[in-house]
Amino acid sequence: MANEASPCPCDLGDQFDYKGLGEEVQIEHIKAYVRKPKTATDKAIIVVQDVYGWELTNTRYFVDLLAEHGYTAVLGDFFVGQEAWKTTNDRSTFFAWLDTRPANKAFKQVDAVLRYLKEKCHATKIGIIGFCWGGIVTHYITLNYPELKAGVAFYGLVREEGDNYDLKCPTLFIFGECDPLIPLQKVESLDQKLKEHSKVDYKVKVYPKQIHGFAHRKKEEISPEDKPYILEARKDMLDWLNKYFN
């Protein structure tokens with residue numbers, strides 16, 4: 001079942017009532033939320049926010065989830081102090097707002113977090129995940145950083161024309177079948193072009209009946225019909241990372 005593109009921004013969904021177990025730090029020019037595992041590790045993940053910003057508890061939950069599975073995880077403010085999107089904003093202004101936060105201009109922030117992970121956390125194996133806007137950032141980064149072990153892009157798709165398929169590190173792309181922002185034909189085109197151009201491992205996976213943001217903006221306890229897919233996507237993320245870090 002194909003879905004249709006929509007001019008509306010992604011909805012917040014269910015905001016998690018979650019305090020977070022990490023700490024906020026300053027990393028060069030950006031603020032960040034950091035959580036380290038209980039035992040020392042040389043493995044680390046850069047986590048890139050969605051349009052709702054680095055303070056969204058849902059995304060911080062993923063930082064803590066990664067730490068519970070043995071990774072140092074860092075969620076930086078990749079908007080660099082610019083306001084995150086708010087549910088009270090005029091939806092008609094969303095794409096103009098988004099234009100001021102280009103996903104293909106996040107390299108400076110990534111470089112800062114990489115230095116922090118290498119110098120302060122002694123990480124030697126580093127990957128990246130991102131959601132929505134951060135999924136697009138993740139796609140760009142996996143095209144340019146062969147030093148990364150792996151990437152996972154949640155419902156993020158580079159739409160600009162050009163060579164966007166020669167991945168430099170193994171990448172998992174996660175999409176919802178009923179995502180109004182990313183038509184399935186775009187997902188199918190991505191899969192085909194990666195098949196033609198990518199020299200590293202990749203996977204494009206579509207989760208039935210799921211919408212944009214399903215893996216991190218839905219509470220599984222109040223979405224019983226979606227729970228299997230939410231948990232599956234999270235497990236797929238961890239399995240993908242573990243495969244290329246071990």
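Hydrogens, waters and symmetry mates are skipped; everything else that's a heavy atom, side chains included, is used. Computed from a predicted structure; not experimentally measured. Residues: numbered from 1 along the sequence shown.
Rounding to the nearest 0.5 Å gives a distance of 12.5 Å between CD1 of Ile141 and CD1 of Ile136. Atom-to-atom distance recorded for Phe214:CZ and Tyr229:OH is 10.0 Å, nearest 0.5 angstrom. With rounding to the nearest 0.5 angstrom, the CG atom of Leu65 is 10.0 Å from the CZ atom of Arg35. Atom CD1 in Ile126 sits 9.0 Å away from atom SG in Cys121 (nearest 0.5 Å). Here Cys178 contributes atom SG and Leu184 contributes atom CG; the two are 7.5 Å apart, rounded to the nearest 0.5 Å. Atom-to-atom distance recorded for Leu56:CG and Phe131:CZ is 10.0 Å, nearest 0.5 angstrom.
The backbone N or O of Thr138 sits less than 3.5 Å from a side-chain atom of Thr142, completing a donor-acceptor pair. Between the side chain of Asn144 and the backbone N or O of Tyr140 there is at least one donor-acceptor pair closer than 3.5 Å. A donor-acceptor pair under 3.5 Å links the side-chain atoms of Asp90 to the main chain of Ser92, judged by distance alone. Using modelled atom types, one side-chain atom of Gln26 and one backbone atom of Glu28 make a donor-acceptor pair closer than 3.5 Å.
A heavy-atom distance below 4.5 Å is not found between the side chains of Glu55 and Gln49. Looking at heavy atoms from C-beta onward, Lys86 lies out of side-chain contact with Tyr52 at the 4.5 angstrom threshold. The shortest side-chain heavy-atom distance between Trp85 and Thr93 falls under the 4.5 Å cut-off. Side-chain contact between Tyr202 and Leu172: absent, with no pair of heavy atoms (C-beta onward) separated by less than 4.5 Å. Side-chain contact between Thr72 and Pro37 is present, with heavy atoms from C-beta onward closer than 4.5 Å. Considering only heavy atoms from C-beta on, Tyr207 stays 4.5 Å or farther from Glu177 through its side chain. For the pair Ile128/Ile45, no side-chain contact is recorded, criterion being any heavy-atom separation below 4.5 Å from C-beta on. No side-chain heavy atom of Arg234 sits less than 4.5 Å from a side-chain heavy atom of Asp239.
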Could you walk me through whether Thr41 and Tyr71 pass the side-chain contact (heavy atoms from CB on, under 4.5 Å) test, one step at a time? CA-CA 7 Å; Thr41 182; Tyr71 297 92; 6.0 Å; no
Please walk me through it: do Arg60 and Lys19 pass side-chain contact (heavy atoms from CB on, under 4.5 Å)? CA-CA 9 Å; Arg60 292 189 174 198; Lys19 298 297 184 182; over 6 Å; no
Evaluate the criterion side-chain contact (heavy atoms from CB on, under 4.5 Å) for residue pair Tyr165 and Leu143; output intermediate values, then yes/no. CA-CA 7 Å; Tyr165 311 103; Leu143 290 168; 5.7 Å; no
Before you tell me yes or no, could you show the steps for Glu24 and Lys31 under salt bridge (charged side-chain N to carboxylate O under 4.0 Å, His left out), namely the whole-Å CA-CA distance, both residues' side-chain angles and the distance that decides it to 0.1 Å? CA-CA 7 Å; Glu24 293 186 5; Lys31 295 179 179 179; over 6 Å; no
Working for side-chain contact (heavy atoms from CB on, under 4.5 Å), residues Tyr116 and Val25: CA-CA 11 Å; Tyr116 171 82; Val25 302; 4.3 Å; yes
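Residues forming a side chain to side chain contact (heavy atoms under 4.5 Å, CB included) with Glu147 (at least two apart in sequence, or on another chain): Leu114, Lys118, Tyr145. Under the side chain to side chain donor-acceptor pair (under 3.5 Å) criterion, Lys168 pairs with Asp166, not counting sequence neighbours. Residues passing the salt bridge (charged side-chain N to carboxylate O under 4.0 Å, His left out) test with Asp163: none are found, sequence neighbours excluded. Annotation: salt bridge (charged side-chain N to carboxylate O under 4.0 Å, His left out) contacts of Lys243 (sequence neighbours excluded): Asp201.
Sequence neighbours left out, the pairs with a member in residues 122-133 that pass side chain to side chain donor-acceptor pair (under 3.5 Å) are Asp42-Thr124.
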Side-chain atoms of residues 94-104: list all donor-acceptor pairs with protein atoms under 3.5 Å, sequence neighbours left out, distances to 0.1 Å.
from	atom 1	to	atom 2	distance (Å)
Thr100	OG1	Trp97	O	2.6
Arg101	NE	Glu83	O	3.2
Arg101	NH1	Trp97	O	3.2
Arg101	NH2	Glu83	O	2.9

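Contact detail for Ala32 and Ile27: the closest heavy-atom pair is CB-CD1, 3.6 Å. Across every non-hydrogen atom of Val51 and Cys132, the tightest pair is CG1-SG, 4.1 Å. Heavy atoms only, all atoms of each residue included: Ala106 and Phe78 are closest at CB-CD2, 4.0 Å. Gly76 approaches Ile30 most closely through the heavy-atom pair CA-CD1, 4.2 Å. When all heavy atoms of Trp240 and Pro170 are compared, the closest pair comes out as NE1-O, 3.4 Å.
Phe245 does not carry Lys149 over the face of its six-membered ring by the limits of under 6.0 Å from the centre and within 45° of the normal.
Using modelled atom types and a 3.5 Å distance limit, the side chains of His216 and Asp50 yield a donor-acceptor pair. A donor-acceptor contact closer than 3.5 angstrom links the side chains of Gln210 and Asp226. Side-chain N/O atoms of Gln192 and Glu188 include no donor and acceptor closer than 3.5 Å.
A single hydrophobic cluster is not seen to contain both Val206 and Ile211; linkage of ILVMFWY side chains at heavy-atom distances under 4.5 Å, directly or through other members, places them apart.
Of the residues listed (Asp77, Asp64, Thr59), the one engaging Tyr33 in a side chain to side chain donor-acceptor pair (under 3.5 Å) is Asp64, and it is the only one. Among Thr171, Val48, Leu241, the one residue that satisfies the side chain to side chain contact (heavy atoms under 4.5 Å, CB included) test with Ile129 is Leu241. Exactly one residue among Ile46, Val34, Val47, Leu66 makes a side chain to side chain contact (heavy atoms under 4.5 Å, CB included) with Val74. That residue is Val34.
For NZ of Lys205, the number of neighbouring non-hydrogen atoms (other residues, nucleotides, ligands) closer than 6.0 Å is greater than 12.
Phe175 has its ring centre no less than 6.0 Å from the ring centre of His212.
The aromatic rings of Phe154 and Phe62 sit perpendicular, their planes meeting at an angle over 60°, well past the 30° parallel limit.
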